[in-house]
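In this text, all values refer to a predicted model and were calculated from it rather than measured experimentally. When a residue number appears, it is its place in the shown sequence, counting from 1.
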Amino acid sequence: MRLLLVEDDNHVAGALSAILSRHGFQVTHARSGEEALKALLPAGGPPFGVVLLDLGLPDQDGYEVCGKIRARTSVPVIMVTARADVRSRIHGLNLGADDYVVKPYDTGELLARIHAVARRNQPGDADGGATPAPGTLVIGAVQVELPTRRVSVDGEVVALTRKEFDLLALLVQRPGVVFRREQIISEVWRTSWEGTGRTLEVHVASLRSKLRRPALIETVRGVGYRLVDPGA
């Protein structure tokens, strides 16, 4: 698979390119937003399977670059950034990014996410299944549309409260990753952990019930919660 790596730090790009190459990727390195957009112009060869886009670029804002990429191609885009807050992630996904990876990240997780978005971008199967729209995450029978804040299970829309959706959106963007209770409270409720623990437990219980998938959100005893991808 061809992969476009957009990263202005040559040391980071070199190390990551070596890892990706060992896993079978043909890596093209762009050091700026302008280089990335030029690399995506049709050149007669096979198209890129994934764009790995760092948001801290020297010439353009990474969000702006993502919007330009999405305007000219449907290639999956994974944003890479140190910005961990939910609003930044939702903003990126609203612009058409397919996934969002926060630094520092585990290389194994990054590889898994690259393969996951590449699979999502494949044409629908023989029964006519449609490819989800940009910003839509699918975990088993659960579909989460981040731009519209719409959640469905087996095609049936599920009504969630604002905080229930924010909690699910946080977990679903990084399946398998354990989120500490304190981190969830900080990002979803914008407050400190003290006195809010019971509220989190109630929201998790409500999500499990509404989604009819009790095992989807796993409690990691003494730490926090993680979303379990049944297809992983």
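P175 has its side chain within reach of R113: a pair of non-hydrogen atoms, C-beta onward, lies under 4.5 Å apart. In this structure the side chain of Y225 reaches within 4.5 angstrom of the side chain of E201, judged on heavy atoms. Taking the side chain as every heavy atom from C-beta outward, L216 and L227 approach each other to under 4.5 Å. For the pair I139/V144, no side-chain contact is recorded, criterion being any heavy-atom separation below 4.5 Å from C-beta on. Put simply, the side chain of L146 reaches to within 4.5 Å of the side chain of Q173, judged on heavy atoms. Proximity of Y100 to L55: side-chain heavy atoms (C-beta onward) are separated by under 4.5 Å at one or more points. Using a 4.5 Å heavy-atom cutoff, the side chains of T219 and R181 are in contact. The side-chain heavy atoms of V6 and D54, taken from C-beta on, include no pair separated by under 4.5 Å.
Between H203 and W189, the angle of the ring planes goes over 60°, which puts this pair in the perpendicular group of the 30/60° scheme.
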*I would like to know whether H115 and H23 meet side chain to side chain contact (heavy atoms under 4.5 Å, CB included); could you show each step before the answer?*
CA-CA 11 Å; H115 286 297; H23 285 82; 5.7 Å; no
*Could you go through the side chain to side chain contact (heavy atoms under 4.5 Å, CB included) check for V188 and L200 one step at a time?*
CA-CA 10 Å; V188 175; L200 172 57; over 6 Å; no
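The distance from atom CZ of R208 to atom CD of E218, rounded to the nearest 0.5 Å, is 9.0 Å. Atom CG in D166 sits 11.0 Å away from atom CG in L171 (nearest 0.5 Å). The CD1 atom of I185 lies 13.5 Å from the CZ atom of F179; values are rounded to the nearest 0.5 Å. Of the inter-residue distances, the one linking L41 atom CG with T73 atom OG1 reads 10.5 Å to the nearest 0.5 angstrom. Between atom OG of residue S17 and atom CG of residue N10 there is a gap of 9.5 Å, rounded to the nearest 0.5 Å. For the atom pair CG of L20 and OG1 of T107, the computed distance is 8.5 Å after rounding to the nearest 0.5 Å.
With hydrophobic clusters built from ILVMFWY side chains whose heavy atoms lie under 4.5 angstrom apart, V50 shares a cluster with Y105. Hydrophobic clustering, with ILVMFWY side chains joined whenever heavy atoms are under 4.5 angstrom apart, groups L16 together with L111. With hydrophobic clusters built from ILVMFWY side chains whose heavy atoms lie under 4.5 angstrom apart, L110 shares a cluster with M1. Linking ILVMFWY residues whenever their side-chain heavy atoms come closer than 4.5 Å, directly or via other members, places V51 and L37 in the same cluster. Both L52 and V27 are members of a single hydrophobic cluster when ILVMFWY side chains are connected at heavy-atom separations under 4.5 Å.
Summarising the geometry of P76 relative to D98, their closest heavy-atom pair is CA-OD1, 3.2 Å, with the distance given to 0.1 Å. Closest of all the heavy-atom pairs between V77 and C66 is CG1-SG, 4.3 Å. Considering all non-hydrogen atoms of both residues, T148 and E145 come closest at OG1-OE1, 3.0 Å. Closest heavy-atom contact between F48 and L3: CD2-C, 3.7 Å. Between D8 and G56, the shortest heavy-atom contact is OD1-O, 3.2 Å. Nearest heavy atoms, G62 versus L57: CA-CD1, 4.5 Å.
Using a distance-only test at 3.5 Å, with no hydrogens or angles considered, a donor-acceptor pair links the side chain of K210 to the main chain of A159. Under a 3.5 Å cut-off, the side chain of S186 and the backbone N or O of E182 do not form any donor-acceptor pair. Between the side chain of H29 and the backbone N or O of G14 there is no donor-acceptor pair closer than 3.5 Å. Proximity of a side-chain donor or acceptor of R149 to a complementary backbone N or O of L160 within less than 3.5 Å is not detected. Although no hydrogens or angles enter the test, the distance criterion places a donor-acceptor pair under 3.5 Å between the side chain of E35 and the main chain of R31.
Salt bridge R174/D99: absent, no basic N to carboxylate O contact under 4.0 Å. The residues D154 and R213 are annotated as salt-bridged, a charged nitrogen and a carboxylate oxygen being separated by less than 4.0 angstrom.
Partner of L53 under the side chain to side chain contact (heavy atoms under 4.5 Å, CB included) criterion, chosen from T81, V65, I78, L4: V65. Of the listed residues (V220, V177, I217), just one forms a side chain to side chain contact (heavy atoms under 4.5 Å, CB included) with R226, and that residue is V220.
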